[in-house]
Amino acid sequence: MNRQFEYKDAMDSLHYTDQQKALLAERAAQAAHQTEKRAHRPLLRTALIAACLTAALAVTAGATGVLKSAAEAFAPIFGGSAAQTEIIDKIGYPIGASDTDHGVTITADAILGDPYNAAIVFTITRDDGTVFDYTGNEYGYLPLRFDSDDVDFGILGGSHGGSYFVDQDPGDNTIQWVVTRSSDVPLIDRTVKVTMEDLCAWDDATGSTPILEGKWTMKFDAAYEDASVTLSGGETFQQDGMTFTIDGITVSPVAFKVDYTVDSEIPQCESPSGQLSDEESREQAQYFENVEVLLKRTDGTVMDLSNSGGSIDPENGTTVCSKTGFFDEILPMEEIESLSVGGVVVPLA
């Protein structure tokens, strides 16, 4: 049995797949004639393009909008310093897929990540220019949610993640939806299918209230660049009477993944509902929550990654575990000194 669980609900280059280039050329030929109500279309937000696409993009930009660069989409969320912007533009991938329903257009602006982690920024636009008037909490998150949403990478392994709404430009007719996904199998180069229904406002007293009706769907490639490094495994540590073996560590400027094996098989959940009892929760903590994962930066600061999500998989008398997650900001690799797991320090260099 595989237990999956979640603990938290200057431009170097532009990257276009062959499929996206074909779509851009097709839009150039058809843009003036397409009047479908629910249009799935690439949008363009830059004048810096390959020469072979210049004519096609010029026509498409006038008909469908403009495409954000990865840095435009992500810098307000993960950091906009020169070093961070350079990393975002190097590993990020502008998307531009969109759908319109009931006078609202949702656009997938950009995606970035590493083999096992991905983040996507969407922009929600009221086409009549009506301003979004919602105040964020102390972290800037807006009290909004979709009645239902699905961001499907088409994988068979376990995954976890979260999402939140922010307003990068208060007072205009757009807001942003940020989605993160982490998995124990690769996400990069997958085809992502997204469905969203009915945007709702949340109030602790009254609950969820629909504010924008509609259903939006789109599909695009997770074709971002991989800038991760894999650190050597094999180190062991003792904890709670068990031996833990570090199988591998992957670190990138945006996220991490730690794999380890415990020399004991976690007891199976006995509840028919699948809900862990207090005792089972304590047992699970010994295999997962109690395993400390710390990232140390070259300036001496330490980031505690212990509460990241992941998976537990009992396997032939052992338990195979993975912890994965996103950093709160872009971290240049030269600023990461080490990652420690259960007290075992693994230098990055």
Side-chain angles (χ1 to χ4, degrees), residues 20 23-47 49 56-77 93-111 119-136 140-151 163-179 192-203 208-220:
Q20 191 175 30
L23 285 172
L24 293 176
E26 181 182 353
R27 287 300 297 172
Q30 299 179 356
H33 304 287
Q34 289 185 340
T35 57
E36 295 177 349
K37 173 177 173 292
R38 297 172 59 84
H40 299 264
R41 58 189 184 274
L43 308 178
L44 305 176
R45 290 201 184 199
T46 180
I49 55 175
L57 295 182
V59 176
T60 308
T64 63
V66 273
L67 179 70
K68 284 185 179 179
S69 71
E72 286 180 290
F74 281 108
I77 297 165
Y93 172 66
I95 303 170
S98 71
D99 194 13
T100 299
D101 192 20
H102 283 70
V104 176
T105 298
I106 300 183
T107 303
D109 293 323
I111 184 171
I120 311 169
V121 176
F122 299 81
T123 291
I124 302 168
T125 304
R126 280 175 160 160
D127 297 336
D128 63 1
T130 302
V131 172
F132 282 97
D133 188 18
Y134 293 93
T135 302
Y141 302 157
L142 304 178
L144 302 173
R145 60 183 293 272
F146 285 111
D147 184 58
S148 68
D149 64 78
D150 183 39
V151 181
S163 65
Y164 54 90
F165 291 84
V166 295
D167 193 344
Q168 295 180 358
D169 189 4
D172 72 358
N173 62 326
T174 67
I175 56 175
Q176 286 69 41
W177 184 46
V178 184
V179 177
V192 186
K193 298 178 181 179
V194 185
T195 302
M196 301 147 284
E197 292 191 46
D198 296 346
L199 183 64
C200 304
W202 174 261
D203 182 87
S208 184
T209 303
I211 60 171
L212 294 175
E213 294 184 352
K215 182 177 181 179
W216 303 269
T217 61
M218 62 192 71
K219 182 171 68 173
F220 51 85

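Both backbone and side-chain heavy atoms feed into the values below; hydrogens, waters and symmetry mates do not.
Contact detail for Ser208 and Cys200: the closest heavy-atom pair is OG-CB, 3.2 Å. Heavy atoms only, all atoms of each residue included: Ala73 and Ala110 are closest at CB-CB, 3.8 Å.
At least one side-chain heavy atom of Leu144 sits under 4.5 Å from a side-chain heavy atom of Ile211. Side-chain atoms of Ile120 and Phe220, non-hydrogen and from C-beta on, do get closer than 4.5 Å to each other.
Applying side chain to side chain contact (heavy atoms under 4.5 Å, CB included) to Ile95 and the options Val192, Asp109, Ile111 leaves one that passes, Ile111. When Asn173, Thr100, Thr105 are each tested for a side-chain hydrogen bond (donor to acceptor under 3.5 Å, both in side chains) with Asp127, only one passes: Thr105.
Partners of Thr195 according to the side chain to side chain donor-acceptor pair (under 3.5 Å) rule, which considers only residues two or more places apart in sequence or in another chain, do not exist here. Partners of Ser148 according to the side chain to side chain donor-acceptor pair (under 3.5 Å) rule, which considers only residues two or more places apart in sequence or in another chain, do not exist here.
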Exercise for the section: Please lay out, stage by stage, how Tyr134 and Asp167 fare under the test side-chain contact (heavy atoms from CB on, under 4.5 Å). Expected result: CA-CA 8 Å; Tyr134 293 93; Asp167 193 344; over 6 Å; no

Exercise for the section: List the steps and the verdict of side-chain contact (heavy atoms from CB on, under 4.5 Å) for Tyr141 and Val166. Expected result: CA-CA 5 Å; Tyr141 302 157; Val166 295; 4.1 Å; yes

Practice task
Kindly indicate, with the supporting measurements, whether the criterion side-chain hydrogen bond (donor to acceptor under 3.5 Å, both in side chains) is fulfilled by Thr107 and Lys68.
Solution key: CA-CA 10 Å; Thr107 303; Lys68 284 185 179 179; over 6 Å; no

Practice task
Check the pair Val104 / Trp216 against side-chain contact (heavy atoms from CB on, under 4.5 Å), numbers first and verdict last.
Solution key: CA-CA 9 Å; Val104 176; Trp216 303 269; 3.8 Å; yes

Exercise for the section: Go through the steps to decide whether Phe165 and Leu199 satisfy the test side-chain contact (heavy atoms from CB on, under 4.5 Å), and finish with yes or no. Expected result: CA-CA 11 Å; Phe165 291 84; Leu199 183 64; 3.6 Å; yes

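With Arg126 contributing its side chain and Val131 its backbone, the two residues share a donor-acceptor pair below 3.5 Å. Here the side chain of Gln176 pairs a donor or acceptor atom with the backbone of Gln168 at under 3.5 angstrom. Judged by distance alone, the side chain of Asp198 and the main-chain N or O of Gly214 form a donor-acceptor pair under 3.5 Å. Remark: side-chain polar atoms of Asp147 are not paired, donor with acceptor, to backbone N or O of Glu197 under 3.5 angstrom.
Other residues, nucleotides and ligands contribute at most 12 non-hydrogen atoms within 6.0 Å of the CG atom of Asp133.
Remark: Ile124 CD1 to Phe132 CZ distance equals 6.0 Å, nearest 0.5 Å. How far OG of Ser69 is from CZ of Phe74: 10.5 Å, rounded to the nearest 0.5 Å.
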